[in-house]
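Working notes, beginning with the structure itself.
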Amino acid sequence: MPELPEVETVRRILQKEIVGKTIQSVDVLYEPIVQSDISQFKMSLNEEKIVNIERYGKYLVFILSHWALIIHLRMEGKFYLKKDEPRDKHEHIIFRIGDGITLRYHDVRKFGTMHIRSLEEYKETYPLNVLGPEPKDADPITIYHHLHKKKIAVKTALLDQHILSGLGNIYVDETLFLSKIKPTRRTDQLTKKEVIHLIDSAQQILSKAVALGGSTIRSYTASLGVHGRFQNELNVHTKAGEPCPVCGTIIIKTKVGGRGTYACPTCQK
DNA sequence: CCCGTGCCCTGGCGGC
DNA sequence: TGCCGCCAGGGCACGG
């Protein structure tokens with residue numbers, strides 16, 4: 001479940017490791033990950049130099065000589081750099097980028113996606129054009145007006161990448177805890193002050209998580225040297241049955257919008 | 001337009 | 001020990 005901090009950590013490592021390399025060939029071993037014609041995909045990438053690695057919300061973007069390769073890791077997507085060695089059964093896309101060096105896209109659940117877009121249009125076309133701002137760039141009043149028109153649980157709204165981008169299940173639970181807001185509060189009942197506090201909390205949590213290299217929990221383990229330490233900072237997520245670090249009330253786990261949700265029933269109103 | 005539900009996929013785990 | 005069924009969940013298609 002890479003969210004903004006995990007994707008940013010991967011971006012920084014990829015930037016250091018593969019920028020300047022040239023893609024010599026690409027093997028696609030599980031086609032549904034690629035969201036465009038396979039032969040066109042392979043042809044577009046052939047002999048392209050990797051110029052830069054960008055990130056928008058939870059999307060990674062490989063800036064190539066002529067194209068942008070837009071990647072979403074979804075639940076378990078990760079990259080490994082390997083020499084010539086046998087393919088692991090969960091490696092679905094293999095980029096040959098040098099003398100016996102391969103960059104391998106590994107995804108146990110095969111939920112990840114890749115799109116090819118032109119350099120001129122990639123920000124203005126799907127999927128990047130539908131992304132809301134990241135919390136650090138969001139205008140709280142605009143978000144407040146947006147939320148005020150909806151009647152959904154605040155947790156559902158924070159997970160909606162069209163409203164704000166970058167937050168996933170872990171950081172939404174932590175953001176709501178820091179803001180002292182119950183995950184089921186309806187968005188049309190939030191005050192301006194609460195929305196300002198929410199965005200500020202999200203920003204604080206994400207920047208701290210980026211500084212610590214993200215979280216490494218459950219199935220999302222190390223890739224390309226990604227060993228996050230933010231999981232040690234979690235206050236509520238995965239803490240069901242443990243005391244709230246603020247008031248000592250036992251943290252409860254519920255479901256909100258189909259997602260496992262952790263919260264303090266006393267602190268969060 | 002708006003919101004809730006189901007689906008994609010596989011490994012891990014609880015129950016028997 | 002082995003098998004079965006369920007759960008995890010980001011984002012989208014679909015239906016009420």
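To find a chain, count down the sequence lines: A is the first, B the second, and so on, and within it residues start at 1.
Listed by chain and number, the residues in a salt bridge (charged side-chain N to carboxylate O under 4.0 Å, His left out) with Lys16(A) amount to none (sequence neighbours excluded). With sequence neighbours excluded, the residues forming a ring pair (Phe, Tyr, Trp, His ring centres under 6.0 Å) with His148(A) are Tyr144(A), listed by chain and number. The ring pair (Phe, Tyr, Trp, His ring centres under 6.0 Å) test applied to His146(A) returns no partner, not counting sequence neighbours. Residues forming a ring pair (Phe, Tyr, Trp, His ring centres under 6.0 Å) with Phe95(A) (at least two apart in sequence, or on another chain): none. For Thr175(A), there are no side chain to side chain donor-acceptor pair (under 3.5 Å) partners, not counting sequence neighbours.
Heavy atoms of Gly260(A) sit under 4.0 angstrom from primed sugar atoms or phosphate atoms, though from no base atom.
If you run side chain to side chain donor-acceptor pair (under 3.5 Å) between Glu194(A) and each of Lys180(A), Arg185(A), Gln189(A), only Arg185(A) comes through.
Rounded to a whole Å, the NZ atom of Lys255(A) is 7 Å from the P atom of dC7(C). Here dG9(C) presents its P atom at 10 Å from CD of Glu3(A), a figure rounded to the nearest Å. Between the P atom of dG10(C) and the CE atom of Met75(A) lies a distance of 5 Å, rounded to the nearest Å.
Residues Leu69(A) and Ile116(A) form a side-chain contact, since some pair of their non-hydrogen atoms from C-beta on lies under 4.5 Å apart.
Counting only residues at least two apart or on different chains, the ring-ring contact (aromatic ring centres under 6.0 Å, His included) pairs with a member in residues 22-59 of chain A are Tyr30(A)-His92(A), Tyr59(A)-His72(A). Among pairs with a residue in residues 157-214 of chain A, those fulfilling ring-ring contact (aromatic ring centres under 6.0 Å, His included) read Tyr171(A)-Phe230(A), at least two apart in sequence or across chains.
Other residues, nucleotides and ligands contribute more than 12 heavy atoms inside 6.0 Å of the NZ atom of Lys239(A).
For Lys89(A) and Ile152(A), each mapped to the nucleotide of DNA chain B holding its nearest heavy atom, the one lying further toward the 5' end belongs to Ile152(A).
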Using residues 150-158 of chain A as the side-chain source, report each donor-acceptor pair under 3.5 Å to any protein atom, sequence neighbours left out, with the distance given to one decimal.
{"unit_1": "Lys155(A)", "atom_1": "NZ", "unit_2": "Asn169(A)", "atom_2": "OD1", "d": "2.6"}
{"unit_1": "Lys155(A)", "atom_1": "NZ", "unit_2": "Asp173(A)", "atom_2": "OD1", "d": "2.8"}
{"unit_1": "Lys155(A)", "atom_1": "NZ", "unit_2": "Gly260(A)", "atom_2": "O", "d": "3.2"}
{"unit_1": "Lys155(A)", "atom_1": "NZ", "unit_2": "Thr261(A)", "atom_2": "OG1", "d": "3.0"}

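Of the residues in residues 33-42 of chain A, not one places a heavy atom less than 4.0 Å from an atom of DNA chain B.
A donor and an acceptor atom, one from each side chain of Gln15(A) and Arg11(A), are located under 3.5 Å apart.
Here the shortest heavy-atom pairing between Leu119(A) and Ser65(A) reads CD1-O, 3.4 Å.
With pairs defined as Watson-Crick or G-U wobble and both atom distances under 3.5 Å, the stems of at least three pairs that touch DNA chain C come out as B:2-16 with C:2-16.
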Exercise. Reading nucleotides 11-16 of chain C from the 5' end, what letters show protein touch, with B for base, S for backbone sugar-phosphate only, - for no heavy atom under 4.0 Å?
Worked result: BS----
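Of all nucleotides in DNA chain B, those with any atom nearer than 4.0 Å to a heavy atom of chain A start and finish, going 5' to 3', at dC3(B) to dG11(B).
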